[in-house]
Amino acid sequence: MTTFTVDPTDVPRIPAPRDPPNERLEPPQASVREVVARGWLPVARGGDTVDVLASRELTDAVVDQIRLDSDARWVRIEQVSPNQFDERLAIQLREELLYEISESLADTQPDRSAKTGLTRWQYVLPIAGLVLAVLGLILAPEFTVVLGLTGAAVAFSATIAFRVFCVGLWPLKRVRNRLREHYAAYRGRHSVDYLAYRARHADSALTPLADADLPFYTILVPAFHEANVITALIGNLERLDYPRDRMEVLVLLEEDDVDTIEAARAAEPPSYMRILIVPRGQPQTKPRACNYGLIFARGELVVIYDAEDRPESDQLRRVVTDFRRARSAADAGSAGAPLACVQCSLSYFNAPYNVLTRLFAIEYAYLFDAMLPGIDGTGIPIPLGGTSNHFDAAMLRRLGGWDPYNVTEDADLGIRAAASGYRVGVNTSTTWEEACSQTGAFIKQRTRWIKGYMLTAAVNFRHPVQFGRATGLRGMVCLLALILGTPAAFLVYPVMMLFALVTVAGEKWGFLSLPGWLDTVGIVTMIAGTGVTILLSGLVAVPRYGWRIAGFAVFFPVYWLLHSVAAWRAAWQTIFTPHVWEKTPHGLSDDFEEEQMVGQPLGSVIVQPAV
Amino acid sequence: MMLVPDLEHSTPRAGVASSATDVLASAKDVESGWFRHRWDGLAGSAGGRTISGTGTIALVAAVVGLLASIWASWNGANLYYADAQSHLTIARRILDSETPGLGQLGTVWLPVPHLLLMPFTAITGLWHSGWAACIIGTASLAVSCAALYRIAARLGLGRTGRLIAVVAFLANPSLLYTFTTALTEPVLIAATLACVAGLSRWITATRTPSGGELAVFAGIPALVALLSRYEGWALVLAGAVLIVIVELRRRHGLLTGLSRAACFLAVPGLGVLWWVAYNWFEFGNPFEFVSGQYSARAQQETLLRNGLLPTKGDLAQSLSTYNWALIETAGVVLLVGGLAGSVVLLRRYRLSNDTLIVAMLGVSYVFSVVSLYFGQTAINNDHTAPATWWNNRFALSVVPLLALLVGVLADGWGSRPARTLVPAVVVAAVLAQNIWWAQDLPGRSAIIAEAERSHRDTVGSVQAARYLAEHYRGGSVLIDESARGNAILPVLGLPLSDVIIRADGEAFIEALADPAAHADWIFANIAGKGVGFDSGPADVLTAKLNDPVVAAEYTLVFAEDDHAVYQRIGTSP
């Protein structure tokens, strides 16, 4: 039997089997996931009897097979509930589970795992670049400055241009779709048989689904040191409009996070909500916890929410519709890639809390309300956001789940999905989140995100040709302009400012003479690039948050400096501590909601900004 | 003993919810019309980020500012002040001159008003008519009134108090006139009020806003004030001290206080750094604005040499000079009302943080008196020697303080009959004061008197400029714009790339050495040496035209009073 030793003083007790088996069994031939799916597990062997734990009725054929496999005369079946089965399985197959959630991807798809970090040439290249730059500044300063400024201007312009292009697609697509609808309606009205036309074009996927037709949904909620938000989590998920017998919520808590576990148990979660204790192990990351949840997930669809998330009540139903529509299209012979995931919009309920949260909210409005909807359907891979990614569970498992060694497992998974021939869709249903409201925590959070982008770029650039073949030109554009371009732009941003200062001072005091065109290009790039981003971000944020918040877009140049600090930290960490996960604390702006309630008549408190 | 505000009378702040009343009031709002909705909004709660009624006040103030602008531009009064024309010219020159660029900001004045004017002066019509300044002035008036209203609301004043504060501020022809010109006071007053409004929000909020919000809502206006006029520097320092005091009173400790003050100071601090760097880069001296050829110090040294700084070292004279300036710009009613309001303020709030917020608006009074005492500035009116009109507009920056105190007076006066009577008396007195002013504005308003005097003094130069504008047929015009009466470039209205002036530096020196080789036209003050203490330096071109060789190249085509226009011989008539 797998031994399970815990220190009772600092970890919760996990129920042990009532009748400890007296002989250790070999690990099952089936994978852990298959064991969960089949619902039975041999747990002990005593003489000619094998003890089997089962979460469902076993057929005679299955019993015969067990008897045959274990060479036993008797099969003693202990019938337990699915939850009890999972708990026992967690103890019985702890080692297998640990392997599955931490090492499986790195073993089965080593080229797609960030476990090994950067390759040798990826270490050497930036260092060589830095050395060359320093040498250049010493030996040929003017040439080096010209080259550097030109390169920075090109990189900066390319990143901005890509983002503007994506945002520009969004209104164009809306207009195109609207025109198509009008045209189709016009054709339909003028066709001989209007009713036949309507019947032909009726979108069965848009028809509201009966509760009984809805797929089983698993909601994964990883939480770590978040005892303060557990109660809120239950309340937020209670608001979901989805039949309770068609959904389960798996709250994923780390084994050593005693406070959160106690808080979760004390909150007395409803029956559809289960607490899963993720066994202690390394790397102790969110994707590892999610992999654990995925093993026990029974849903056809799986979604991740953070503990403080407030998804719109109809979000699950809307996503089901998206998957149905994709399936209908596939059934009708559409050649498009299968839909593996739907990313919903992320917005921030505490946007007005302070300047940082305002900027955070504008940035995400730009990303989720314009940029991703613009990219959607173009074939350009979509890097997923941290939460509200709804997966087809089977496809997710085929992808290998999340990479526990990648600190932005979401973005990585989006790119991996594209590289594996799947598609990520976008749904405008919103999940309200808490924007990080403290500068220190924000920089740590962004350090992790930017590091994750660097690692994702590094992983996919191990075999760039292979990646290019798999994803095509659009994939390469995404990898270069978004995944690599984002950290690069933030790294370059202060350098460009410094360069600009050096250039102005150099030209003023005569130790530098740069071509006039470079001055013009530099100024235009900075002013136009920054101005366009500010303008677009502000415009996009107005419908979501109103002008009072959208106007703060003018402070993006300062906000980007915080990103730059994070980017340089991330670059350092990517080299020296690529797998360290700097946790973002939640509940930092709890007093915001209290403030919202002041002076409001009872029952009229609006926590979420009006959309 | 700390007196508690009369909550029944005043509008509740955050945390003092009167939910039932609010709900009923809200229901009524829906039923009533737009006007009623706005009117009710003026009594709204001041606890959150938004204060209902702010937009309404800003809109009304903008309409008033627009009407004042129409009046001033209709009779040309918005360009009476020579300094106003100079400000317009500087703003224009950033984009339109022989050497365009930020270098044209110069160091005579602080840069923000010019930067704000710049996009509007780039349009020739707005520059020529002075409407560029009217736009900025109207916007400044809207911001000022909205901020004053918000400060009053943050102090817990009810609708009556808030409105009377705004009315007392707006009902002042001297102030309204100044807000139609390109003088720097409108921007300073708007920025000061916005800064204090931001600080008042930070001080009175239920949840203390973050340092970032302090930097944005108080620091940025402080930056604008700091780079508009030197009163802004005092405001910034006082704001930092206020923050530390408030944090100490909150028992947050000195370190927290200092870090919050640092957040507030960060933005104006960057502004100072930029200004010093600008001076360094453009003029080779980081403190050119302090000690340069055109700095205030250089000007005061000239005045001192001529014995025209009687306030220097004389506190009584400084106070007298400034107080008369205040009386003759703000009016007796506002002054008396303000003094009475200060008694009510101290009775109501003692030395609480609310009182300190109000005191912030008095910083410019202290700054101005101290400046007079140290001889850093000069003001002249009919109670100074010499008795003339100069710089009395500096007193305008105290008007917001007096207006707010009048609002406090109207809001917080004891018993119920007095609560009705006092506002009525205040309104009647303000009305009476305006009627009295209207009977003889130039004789009773120091600011308008100075404008009239400036207008009279420049009749000749304006006519000469109009002549030149009318008869200009191309070629460059040479003007020593710093000479007396020569700040008429907006009236002239020619593209500044066709005009060579002192601010062009080398180009002007070259043209001065050989005018005929560079300019087809010369515009000059031919009176010789300037005589008055405020009349500016003598025109260097007049001395040049006394050279027979140069004079032989030009012909006098127009002369009026002291100003003349010369055309180079051989150019088309």
Side-chain angles (χ1 to χ4, degrees), chain A residues 350-360 435-442 497 500-510 519 523 545-549 551-559 561-562 588-606 609-610, chain B residues 7 11-27 44-52 54-55 101-103 198 201-202 204-220 223 259-260 263-264 266-267 270 273-274 277-284:
Chain A
N350 65 336
Y353 185 76
N354 61 25
V355 178
L356 191 60
T357 55
R358 286 181 177 98
L359 290 164
F360 200 133
C436 186
S437 60
Q438 290 180 1
T439 309
F442 173 85
M497 291 176 106
L501 277 180
V502 169
T503 306
V504 171
E507 291 193 315
K508 184 77 189 173
W509 288 316
D519 284 347
I523 290 168
Y545 297 108
W547 65 268
R548 279 194 176 86
I549 286 177
F552 275 74
V554 297
F555 298 114
F556 265 164
V558 180
Y559 185 58
L561 282 177
L562 295 182
L588 293 177
S589 54
D590 281 349
D591 49 352
F592 172 72
E593 289 179 40
E594 290 160 21
E595 184 187 38
Q596 300 304 297
M597 295 176 75
V598 171
Q600 297 279 350
L602 276 177
S604 71
V605 177
I606 299 167
Chain B
L7 293 174
T11 304
R13 283 184 188 165
V16 192
S18 53
S19 55
T21 321
D22 286 353
V23 170
L24 286 175
S26 305
S45 167
R49 285 177 174 76
T50 56
I51 298 177
S52 61
T54 306
L102 287 181
R201 152 79 178 139
W202 179 77
T204 60
T206 318
R207 173 182 66 79
T208 306
S210 66
E213 285 181 288
L214 191 57
V216 170
F217 292 114
I220 290 177
L223 166 74
S259 72
R260 292 292 189 199
C263 290
F264 169 70
V267 182
L270 283 174
L273 277 179
W274 173 78
Y278 166 83
N279 274 258
W280 196 10
F281 270 55
E282 293 292 340
F283 304 100

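Below, read A as the first sequence line, B as the second, and so on, with proteins coming before strands; counting in each chain starts at 1. Predicted model, so just to flag it, every value in this text is computed and none were measured.
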Can you tell which part of B:I220 gets under 4.5 Å to a heavy atom of chain A, answering side chain, backbone, both or neither?
-> side chain

Residue set satisfying side-chain contact (heavy atoms from CB on, under 4.5 Å) with A:W547, at least two apart, ordered chain then number -> none

With sequence neighbours left out, write down each residue that passes side-chain hydrogen bond (donor to acceptor under 3.5 Å, both in side chains) with B:S52, or none if nothing qualifies.
-> none

Looking only at heavy atoms, which two atoms of A:N354 and B:S210 are closest? And how far apart?
-> CB-OG, 3.2 Å

Rounded to the nearest 0.5 Å, how far does CD of B:E213 lie from CZ of A:F552?
-> 6.5 Å

